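Below: one structure, written as structure tokens.
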2 protein chains.
Amino acid sequence: MTVTSLHDPSHREALWELENAFERGNLVSLFGRCTVSYEGRAASDLAAGDRLLLLKPDGAALVHTDEGRQPVNWQPPGSEHRAAVREGRLRVVSTRTTPDETLTVRFSDVHQLSAMPVTGGRDLDLHGSEEDLRTRILERPDLIEAGFEPRETERPSSAGPMDVFGVDADGNPVVVELKRRRVGPDAVGQLARYVRALREEVGVDGNSLDADADGDADGDGDAAEPEVRGVLVAPSVTDRAAERLADRGFDHVALEPTPEE
Amino acid sequence: MTVTSLHDPSHREALWELENAFERGNLVSLFGRCTVSYEGRAASDLAAGDRLLLLKPDGAALVHTDEGRQPVNWQPPGSEHRAAVREGRLRVVSTRTTPDETLTVRFSDVHQLSAMPVTGGRDLDLHGSEEDLRTRILERPDLIEAGFEPRETERPSSAGPMDVFGVDADGNPVVVELKRRRVGPDAVGQLARYVRALREEVGVDGNSLDADADGDADGDGDAAEPEVRGVLVAPSVTDRAAERLADRGFDHVALEPTPEE
DNA sequence: AACTCAATGTCGCGC
DNA sequence: GCGCGACGTTGAGTT
């Protein structure tokens with residue numbers, strides 16, 4: 001395992017090492033003065049300046065300046081990198097299809113080049129996601145409200161799968177939408193679509209909600225029409241989201257994806 | 001302007017150069033075997049492996065593997081980097097507040113370190129955005145439909161600012177929602193909110209739409225109640241989005257942010 | 001600081 | 001391949 005590192009190489013030396021690195025499937029870091037142009041979903045141009053170009057063996061390309069979390073220009077994984085020397089200058093081109101996109105980096109000076117073998121070590125263990133929130137609710141349904149019974153997760157509907165579907169203490173169907181963080185009005189709209197879809201189902205087919213029913217009061221009897229409720233679970237909601245929740249008669253349950261420390 | 005580059009430095013050498021680089025406001029690239037842990041909005045852990053750590057003078061930190069456009073772990077700009085040697089090993093910690101977040105990178109081996117002075121050259125000229133689409137429509141309103149007249153951009157409403165507000169050939173108010181690329185159902189929901197808000201305005205206040213009116217048929221006379229229309233401008237729409245457009249009686253105008261080549 | 005919306009968003013999953 | 005929704009989304013602009 002060897003890291004190759006060149007300090008102020010000539011453009012031809014840089015090209016040589018670049019091609020070797022591509023061949024070996026190395027991660028390449030290239031620092032120098034360059035212009036960058038992009039053509040694809042949009043188009044952009046970047047005047048000459050010092051930047052760091054990262055070329056990954058999976059086809060990703062990243063152009064970073066001294067500021068920002070985001071690369072100033074990039075190419076997603078699956079692209080193909082090529083390098084050449086034109087008029088004595090190193091040029092790196094990364095292209096992909098669907099959609100057609102091209103990133104071109106033209107160097108006037110190459111200050112530093114490193115080629116590094118990298119393998120494995122990408123198995124990230126992330127916790128505190130929406131998945132954790134769902135787990136938490138299935139384990140403790142009373143966090144939603146007393147008497148709440150989850151029946152199904154990812155229950156299909158004409159508006160797409162709902163996060164959690166269940167029944168409240170009075171037997172009303174409940175659609176639960178989970179968000180791991182503070183939400184805006186869009187989440188209320190999403191919940192509304194599920195609720196509407198479910199109300200249509202109920203309207204069309206009577207209360208056919210007990211798919212795996214134990215058959216109680218199943219006939220079109222004197223039971224009141226079940227009221228489909230909507231519950232938004234999120235740590236908090238914006239003011240406008242709260243308005244829309246109130247408009248539609250939905251409830252908000254304040255809950256974090258992981259218990260408070 | 002000098003790039004400092006160390007090959008297989010000792011942990012103490014690396015620390016020394018890191019501190020110098022922080023002092024000088026350099027961009028730092030650090031490659032080696034390390035573990036990474038993050039605590040903040042969520043939490044994550046990454047087992048030992050070879051990775052590239054990028055430390056920017058603006059406080060951003062990026063941990064990259066050999067795959068993906070996204071860093072496997074990161075810290076946003078504005079964070080503070082600190083480095084130390086503990087038990088003979090280099091450790092880099094990046095922290096920020098609001099929210100409290102900490103990224104810790106513990107190295108077992110440092111294979112390569114570079115410190116690079118980077119300034120300026122971040123002025124990107126990007127075209128093909130939603131802004132361009134708006135400009136295009138204001139210059140050629142007939143692209144929406146014959147007789148369409150834009151009246152206002154970013155017109156405020158109770159549902160937020162609408163992209164373009166105008167009037168059609170029959171004098172009906174038109175809400176135009178712009179999307180620079182193919183859209184799904186969410187965009188229809190957004191348009192619907194604006195249209196609903198505007199219909200409420202009209203309902204409450206009569207047709208007070210001619211703010212800078214030329215006064216034709218202005219009285220509460222026999223003119224038909226103006227019909228608020230919704231138009232979605234996007235290169236294309238998904239099937240589900242098309243359904244929802246049809247449901248609500250909205251129109252779709254197929255248009256690219258920049259003219260076809 | 002909070003809220004809202006665009007993005008060359010990226011990414012993963014399901015059909 | 002497309003459609004759909006989450007993301008430690010990020011980032012910019014406005015209030």
Side-chain angles (χ1 to χ4, degrees), chain A residues 36-44 60-63 67-79 96-103 124 126-134 154 156 159-163 177-187 189-190 193 236-242 257-258, chain B residues 38-44 60 62 67-78 96 98-103 124 126-134 154 156 159-163 177-187 190 193 236-242 257:
Chain A
V36 186
S37 72
Y38 157 75
E39 268 272 342
R41 287 166 290 177
S44 75
L62 310 170
V63 180
E67 286 189 344
R69 201 207 80 123
Q70 302 293 357
V72 62
N73 274 121
W74 70 90
Q75 200 68 286
S79 311
R96 73 153 174 166
T97 55
T98 18
D100 279 330
E101 290 186 301
T102 305
L103 180 72
L124 183 72
L126 178 67
H127 30 284
S129 57
E130 187 175 302
E131 173 74 27
D132 295 74
L133 186 52
R134 175 165 51 246
E154 304 298 327
M162 40 193 81
D163 287 339
E177 174 67 22
L178 304 178
K179 294 293 171 187
R180 62 171 307 283
R181 59 167 190 158
R182 182 175 176 82
V183 297
D186 51 332
Q190 198 178 338
R193 292 203 295 278
S236 63
V237 302
T238 65
D239 287 349
R240 189 171 295 280
T258 48
Chain B
Y38 157 76
E39 268 272 342
R41 285 167 291 176
S44 74
L62 309 171
E67 285 189 345
R69 203 211 76 127
Q70 301 293 3
V72 62
N73 273 122
W74 69 92
Q75 201 67 288
R96 73 153 175 166
T98 14
D100 278 331
E101 291 186 300
T102 304
L103 180 72
L124 184 71
L126 177 68
H127 31 284
S129 59
E130 188 175 299
E131 173 75 27
D132 296 74
L133 185 54
R134 176 166 50 247
E154 304 298 328
M162 41 191 81
D163 288 338
E177 174 66 23
L178 305 178
K179 292 294 171 188
R180 63 171 308 282
R181 58 166 190 161
R182 182 176 177 83
V183 297
D186 52 334
Q190 199 177 338
R193 292 202 297 278
S236 62
V237 303
T238 66
D239 286 350
R240 189 174 292 280

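We name chains A, B, ... by the order of the sequence lines, and we start the count at 1 in each one. Everything numeric in this text was worked out from a predicted model, so none of it was measured.
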(message) I want to check one thing: is the phosphate of D:dT10, taken as OP1 and OP2, less than 4.0 Å away from some side-chain N or O of B:Arg41?
(response) yes

(message) Looking at A:Glu39, I want to see if its CD is surrounded by more than 12 non-hydrogen atoms of other residues, nucleotides or ligands under 6.0 Å.
(response) no

(message) Using only atom types and a distance under 3.5 Å, with no angle test, would you say the side chain of B:Arg180 pairs donor to acceptor with the backbone of B:Asp132?
(response) no

(message) Is there a side-chain contact between A:Leu124 and B:Asn73 in this structure, where contact means two heavy atoms from C-beta onward sitting under 4.5 Å apart?
(response) yes

(request) Can you tell me, in whole Å, how much space there is between the P of D:dC4 and that of D:dG8? (result) 23 Å

(message) Reading DNA chain D from 5' onward, which residue's closest nucleotide shows up sooner: B:Pro77 or B:Ala43?
(response) B:Ala43

(request) Using a heavy-atom cut-off of under 4.0 Å over every strand shown, decide if B:Pro185 touches base, sugar-phosphate, or nothing. (result) sugar-phosphate

(message) Using OP1 and OP2 only, check whether a side-chain N or O of B:Thr238 sits under 4.0 Å from D:dC4.
(response) yes

(message) With a 4.0 Å limit, can you tell me whether B:Arg181 has a side-chain N or O closer than that to the phosphate oxygens OP1/OP2 of C:dG9?
(response) yes

(request) Report which part of the nucleic acid A:Pro99 touches: base, sugar-phosphate, or nothing (heavy-atom distance under 4.0 Å, all strands). (result) nothing

(message) So, does B:Gln190 get its side chain near the phosphate of C:dA6, meaning an N or O under 4.0 Å from OP1 or OP2?
(response) yes

(request) Hey, could you give me the CG/CE distance between A:Leu178 and A:Met162, rounded to the nearest 0.5 Å? (result) 12.5 Å

(request) Would you please confirm or rule out a distance under 4.0 Å between OP1 or OP2 of D:dT9 and any side-chain N or O of B:Trp74? (result) no

(message) Taking only side-chain N and O atoms of B:Arg69, does any of them lie within less than 4.0 angstrom of OP1 or OP2 on C:dC11?
(response) no

(message) Do A:Glu177 and A:Gln190 have side chains that approach each other closer than 4.5 Å (heavy atoms only, starting at C-beta)?
(response) yes

(request) Taking only the side-chain nitrogens and oxygens of B:Arg180, find out if one of them lies under 4.0 Å from OP1 or OP2 of C:dT8. (result) no

(message) Does A:Thr98 reach a base, just sugar-phosphate, or nothing at all? Heavy atoms under 4.0 Å.
(response) sugar-phosphate

(request) For nucleotides D:dG5 and C:dT8, find the distance between their P atoms and express it as a whole number of Å. (result) 22 Å

(message) Rounding to an integer number of Å, can you tell me how far B:Leu133 CG sits from C:dA6 P?
(response) 12 Å

(message) At less than 3.5 Å, do the side-chain atoms of B:Glu154 and the base atoms of D:dG13 form a donor-acceptor pair?
(response) no

(message) On DNA chain C, does the nearest nucleotide to A:Val237 precede the nearest nucleotide to B:Gly68 from the 5' side, or the other way round? Give the residue.
(response) A:Val237

(request) Could you tell me whether the side chain of B:Asn73 has a donor or acceptor atom within less than 3.5 Å of a complementary atom in the base of D:dG8? (result) yes

(request) Round to a whole Å and report the spacing from CG of A:Leu178 to C1' of D:dG5. (result) 13 Å

(request) Mind checking A:Glu177 for me? I need base, sugar-phosphate or nothing, with any heavy atom below 4.0 Å counting as a touch. (result) sugar-phosphate

(request) Nearest 0.5 Å please: distance from the CG atom of A:Asp186 over to the CZ atom of B:Arg193. (result) 7.0 Å

(request) Could you check A:Gln75 against B:Gly160 and say which one's nearest nucleotide on DNA chain C is further toward the 5' end? (result) B:Gly160

(message) Using a 4.0 Å heavy-atom cut-off, does A:Ala187 contact any base of the nucleic acid, only the sugar-phosphate backbone, or nothing at all?
(response) nothing

(request) Measure from the side chain of B:Glu130, starting at C-beta and using heavy atoms only, and say which of D:dG8, C:dA6, C:dT8 lies closest. (result) C:dA6

(request) Would you kindly give the CG-to-P distance between A:Leu126 and C:dT10, to the nearest whole Å? (result) 20 Å

